[in-house]
Amino acid sequence: MPTNFSIEQSEQSGIQILSLDGYLDAHTAPQFEAVIQKHLEAGRVRIIVDCGKLTYISSAGLGVFMSFIEEIREQGGDIKLASISPKVYQVFEVLGFPELFQIEPDIPAAAARFHAGSGVD
Amino acid sequence: MASFERRFSLHVPSSTENLALIRDFVSGIGAQVGFDENEVARLALAVDEACANVIEHAYGSDSTREVTVRAVVEEGEIHFDVIDTGRHFDPSAVQAQSVEELVRQRRSGGLGLRLIRTIMDDVQYRIVAGESNELRMTKRLKK
């Protein structure tokens with residue numbers, strides 16, 4: 001059965017943009033995990049996750065961010081999030097994600113953070 | 001809201017593929033009972049988390065078993081019961097860890113439990129000997 005989830009990937013000035021579309025739950029999280037893993041193994045550790053079309057996230061999806069973030073930061077990179085809808089943001093907020101991840105209103109703002117060379121506030 | 005108890009049940013194979021179906025079931029009932037859009041989304045998330053736990057921990061990701069979600073609507077509150085016949089796994093007995101601790105340990109488990117406890121007003125686990133395990137999550141309607 002096709003799942004209501006897809007990831008569109010692009011690259012802008014050495015930054016990987018992963019645009020999530022649909023729902024990220026225990027069923028679809030392995031797809032997202034595999035994509036992050038692939039970039040990490042290739043040393044592409046500057047990642048923006050565009051959540052503009054993400055309609056739902058559960059802990060399985062949040063867990064993907066959490067399980068990779070330390071290693072990515074150790075390699076000098078980061079995962080920054082952009083364009084999160086209020087509905088999805090409330091789930092991030094319940095778990096205290098805004099203190100752990102930089103969340104920006106859109107992709108250019110998240111990219112600017114990378115170009116400014118800033119880490120986590 | 002009616003003063004009598006109303007029950008709705010959904011039985012699905014224990015595959016994560018069915019989590020979307022479970023969320024739709026919960027959302028439909030939550031909206032009918034009178035929860036607002038944000039509350040409905042949170043209820044669906046809590047039940048999704050409980051069912052994902054059952055599939056992973058009680059059934060060890062065996063997709064040939066069955067998960068039952070029962071919604072019991074009473075005056076002023078709704079109970080969502082997640083019922084399985086797998087290994088006992090009492091989420092209410094597990095210590096919820098902070099996100100910072102989990103990141104430090106590079107672990108992602110335990111988040112679902114934190115969400116369930118944050119969203120629901122009451123969470124209880126019951127083992128019906130030789131029959132089933134039931135996680136009852138209760139949410140009260142705001143007056």
Side-chain angles (χ1 to χ4, degrees), chain A residues 1-6 21-34 36-37 40 54-75 78-79 81 84-103 119-120, chain B residues 12-24 26-27 36-59 61 63 67 82 91 94 96-120:
Chain A
M1 200 164 87
T3 59
N4 185 19
F5 178 71
S6 62
D21 189 338
Y23 58 74
L24 187 51
D25 65 5
H27 190 60
T28 58
Q31 267 177 264
F32 181 42
E33 191 173 1
I36 300 257
Q37 181 74 46
L40 178 60
L54 185 68
T55 54
Y56 174 83
I57 190 162
S58 72
S59 71
L62 295 167
V64 178
F65 290 97
M66 285 177 49
S67 55
F68 285 110
I69 193 64
E70 286 278 283
E71 198 172 347
I72 282 177
R73 285 181 180 156
E74 277 170 14
Q75 294 193 21
D78 198 12
I79 299 176
L81 296 104
I84 303 179
S85 71
K87 196 170 140 188
V88 169
Y89 185 81
Q90 67 169 347
V91 182
F92 279 86
E93 208 170 22
V94 165
L95 294 171
F97 269 55
E99 281 97 62
L100 288 173
F101 293 88
Q102 281 181 345
I103 300 175
V120 177
Chain B
V12 294
S14 54
S15 162
T16 53
E17 193 175 60
N18 294 317
L19 291 172
L21 196 64
I22 290 168
R23 293 194 297 270
D24 287 346
V26 171
S27 298
D36 69 29
E37 197 185 342
N38 282 337
E39 289 169 329
V40 165
R42 283 195 285 267
L43 291 176
L45 174 62
V47 178
D48 168 317
E49 297 292 348
C51 292
N53 269 341
V54 161
I55 292 168
E56 186 183 347
H57 300 291
Y59 289 141
S61 301
S63 61
V67 180
V82 172
V94 178
Q97 287 185 292
S98 74
V99 174
E100 290 82 0
E101 281 165 14
L102 291 169
V103 164
R104 224 172 10 248
Q105 296 164 15
R106 300 187 187 191
R107 285 179 53 220
S108 55
L111 286 179
L113 176 59
R114 179 170 288 273
L115 283 168
I116 292 170
R117 285 181 181 165
T118 303
I119 293 165
M120 294 296 188

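First the proteins, then the strands, lettered A, B, ... as listed; each starts at 1.
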Problem - Proximity breakdown for A/Phe65 and chain B, heavy-atom pairs closer than 4.5 Å - result: neither

Exercise for the section: State whether the number of non-hydrogen atoms from other residues, nucleotides or ligands found under 6.0 Å of A/Gln75 atom CD is greater than 12. Expected result: yes

Completion exercise
B/Ala20 and A/Tyr23 have their tightest heavy-atom pair at CB-OH, 3.6 Å

Exercise for the section: Examine whether an atom of A/Ile69 lies under 4.5 Å from a heavy atom of chain B, and if so say whether it belongs to the side chain, the backbone or both; otherwise answer neither. Expected result: side chain

Fill in the blank from the handout: Here the pair of heavy atoms bringing B/Glu17 nearest to A/His27 is N-ND1, 3.3 Å

Fill in the blank from the handout: Rounding to 0.5 Å, atoms CD (B/Glu37) and NZ (A/Lys87) come to a distance of 6.5 Å

Problem - Selection from B/Asn38, B/Ile55, B/Asp48, B/Thr118 maximising heavy-atom pairs under 4.5 Å formed with chain A - result: B/Asp48

Problem - Contact check, side chains of A/Val91 and B/Leu115, non-hydrogen atoms, under 4.5 Å - result: yes

Handout entry: Distance in Å, A/Ser59 OG paired with B/Ile116 CD1, rounded so as to fall on 0.5 Å steps
Key = 8.0 Å

Practice task
With a 4.5 angstrom heavy-atom cut-off, could you sort out which part of A/Phe97 is near chain B: side chain, backbone, both or neither?
Solution key: side chain

Problem - Minimum-distance pair of heavy atoms, taken over all atoms of B/Leu19 and A/Ala26 - result: CD1-CB, 3.6 Å

